[in-house]
Amino acid sequence: MARAPPVTPLYNHRPISFPPNQLLSRINAKTKTPYKISAVHVTAMPSQQHHHEAQAQAHPTLEIIGGAMESVLPALNSTLTRFPYNPFPLIGWNCHVETVYAAYFRSLPDVKLRRECIRTKDNGSIALDWVSGDHRHLPPDSPLLILLPGLAGGSENTYVRHMLVRARSKGWRVVVFNNRGCGNSPVTTPQLFSASFTGDMREVVAHVATSYPKANLYAVGWSMGPTFLFESHTCPLSGAVSLCNPFNLVNSGEDFRYGFYDKALASSLRKIFKKHALLFEDMGGEFNIQLAANAKYVRYFDDALTRVSFGFKSVDDYYSNSNSSDSVKHVGIPLLCIQAANDPVAPARGIPREDIKENPNCLLIVTPKGGHLGWVAGDEAPCGAPWTDPVVMDYLQHLERVAGLASHSNSVDAQQSTEGLHSVEV
């Protein structure tokens, strides 16, 4: 792959905090839109209320809402116009056909990966897959993207690989976070993963930030993967994207329970468990190892193993207390959520639309079709990258440009302050 061109030194990996209004003229010059700078995000002036209607008319097939519409959507307008959502004939018109087709027939890009295993505080193991050679070829301040596969997924998933290749082609450093036991990662303690546990991801972000202190950190998560992205103001990322998120596990369970997707996911969980079953031998308490090893449905597996491992009283208690929808109002970083209206696993009725509208950091795009992790549409359909990939990448690059402007302005402010001190007469 071509080496990325040199980039302007970036701001730290912490959530973006804009400098005083010296940055205003720079942003106005880039966007030709009157913005007002706030402490956390860029908001449009009240005189731009009509833009909501104009932007909605520009993309009539998409539902686009969110508190960040005025600050972010202008940067995505070109992409959404160039790549309208047109479902691929036959495949893209049925959510089940699309979901299954994408899972089994989407191409798998050939990428050479380098694995790094890190030890967690509880003596567990996490596997990080980096693009081989990037630590030698990319500048230390290249923006860094962490990919979070769905539950039981890993770096071998096609949707993960396509996103990895696209980000890498733009000069980004990319790493895939494989949950314990996923992506053939090691398991060294009798604990796997859950929809609510974010401790491992926090350790991964801390490790990556220490390894590349000059880089801005971003994340993209699929399905149950982006739980960490909704961790209120404690999320130390400069921006993130959530795709096909089952915001409400109770609703999600009602829709796919005891069906094809339920059985398929349960099969994946059983395979991971059986590879490491010896670690769970002689587990006391409420663990039901026999049921976990033979669970035909996800609910049975979660009741036998997951909810016990993470201290929930029942499987229903686990589901009702693991909803990312409860945290949307507290999201403190730029966050793009993309959902499909016909998702059979993450139903659209679970999307917390009102909280997304009220949060100035959030933007939601809902496509009319797409299934679950399908989105068989766009220039690369039916076997190439999902329709979402160019939208996601343009969003992340927009955030990185804003971060670069903020970093440059901070440097200018610091230099001017220093020069001012030298000129003081005593």
Side-chain angles (χ1 to χ4, degrees), residues 61-69 85 94-96 98-99 102-103 148-153 159 193-198 219-232 235 240-262 264-266 297-299 302 306-307 310 312 314-331 335-359 361-375 386 388 392:
T61 63
L62 304 174
E63 177 189 356
I64 306 177
I65 61 173
M69 270 191 67
Y85 194 84
N94 181 281
C95 65
H96 304 296
E98 187 169 13
T99 300
L148 314 175
L151 192 69
Y159 58 84
F193 45 82
S194 79
S196 61
F197 179 64
T198 59
V220 173
W222 292 266
S223 193
M224 291 187 185
T227 303
F228 173 77
L229 308 181
F230 295 87
E231 279 216 327
S232 186
C235 185
V241 180
S242 167
L243 299 155
C244 280
N245 184 356
F247 285 99
N248 188 306
L249 294 188
V250 176
N251 287 343
S252 181
E254 290 173 352
D255 279 28
F256 91 117
R257 187 179 300 171
Y258 309 139
F260 170 80
Y261 307 112
D262 195 351
L265 183 54
Y297 304 105
V298 174
R299 183 181 179 86
D302 287 340
T306 309
R307 66 95 181 171
F310 294 95
F312 293 98
S314 66
V315 68
D316 289 322
D317 180 42
Y318 164 46
Y319 291 156
S320 61
N321 285 283
S322 302
N323 297 323
S324 55
S325 60
D326 298 334
S327 304
V328 169
K329 61 173 67 73
H330 304 300
V331 169
L335 176 65
L336 170 65
C337 301
I338 307 182
Q339 304 286 122
N342 67 344
D343 193 323
V345 176
R349 70 178 186 279
I351 301 173
R353 286 176 168 82
E354 292 306 314
D355 288 340
I356 290 174
K357 287 180 182 178
E358 295 175 5
N359 190 323
N361 297 298
C362 295
L363 180 69
L364 169 69
I365 298 176
V366 182
T367 59
K369 306 289 182 179
H372 188 67
L373 302 178
W375 284 304
T388 50
V392 170

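Heads up: numbering here begins at 1 and tracks the sequence.
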*Given Phe230 and Leu335, is the side chain to side chain contact (heavy atoms under 4.5 Å, CB included) satisfied, shown in steps?*
CA-CA 9 Å; Phe230 295 87; Leu335 176 65; 3.6 Å; yes

_Verdict with supporting geometry, Val345 and Ser252, side chain to side chain contact (heavy atoms under 4.5 Å, CB included)_ = CA-CA 6 Å; Val345 176; Ser252 181; 4.1 Å; yes

*Show your reasoning for whether side chain to side chain contact (heavy atoms under 4.5 Å, CB included) applies to Leu243 and Tyr159.*
CA-CA 11 Å; Leu243 299 155; Tyr159 58 84; over 6 Å; no

*Verify side chain to side chain contact (heavy atoms under 4.5 Å, CB included) between Leu229 and Leu148, making sure each step is shown before the conclusion.*
CA-CA 10 Å; Leu229 308 181; Leu148 314 175; 4.2 Å; yes

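In this structure, the side chains of Asp262 and Arg299 stay at 4.5 Å or more apart for every pair of heavy atoms. Contact of the Leu364 side chain with the Ile64 side chain is not registered, since no non-hydrogen atoms from C-beta on lie closer than 4.5 Å. Side-chain contact check for Cys362 versus Leu336: every heavy-atom pair is 4.5 Å or farther apart. Looking at heavy atoms from C-beta onward, Arg307 lies out of side-chain contact with Tyr319 at the 4.5 angstrom threshold. Looking at Asn361 and His330, their side chains never come closer than 4.5 Å, going by heavy atoms from C-beta outward.
Summarising the geometry, atom NZ belonging to Lys329 is positioned 11.5 Å from atom CD1 belonging to Ile356; distances are rounded to the nearest 0.5 Å. Remark: Phe312 CZ to Ser196 OG distance equals 3.5 Å, nearest 0.5 Å. Separating the OG atom in Ser325 from the CZ atom in Phe247 is a distance of 8.0 Å, to the nearest 0.5 Å.
A donor-acceptor pair under 3.5 Å is formed between the side chain of Thr227 and the backbone N or O of Ala195. Using modelled atom types, no side-chain atom of Asn245 and backbone atom of Ser324 make a donor-acceptor pair closer than 3.5 Å. In terms of modelled atom types and a separation under 3.5 Å, the side chain of Asn321 and the main chain of Asp317 share a donor-acceptor contact.
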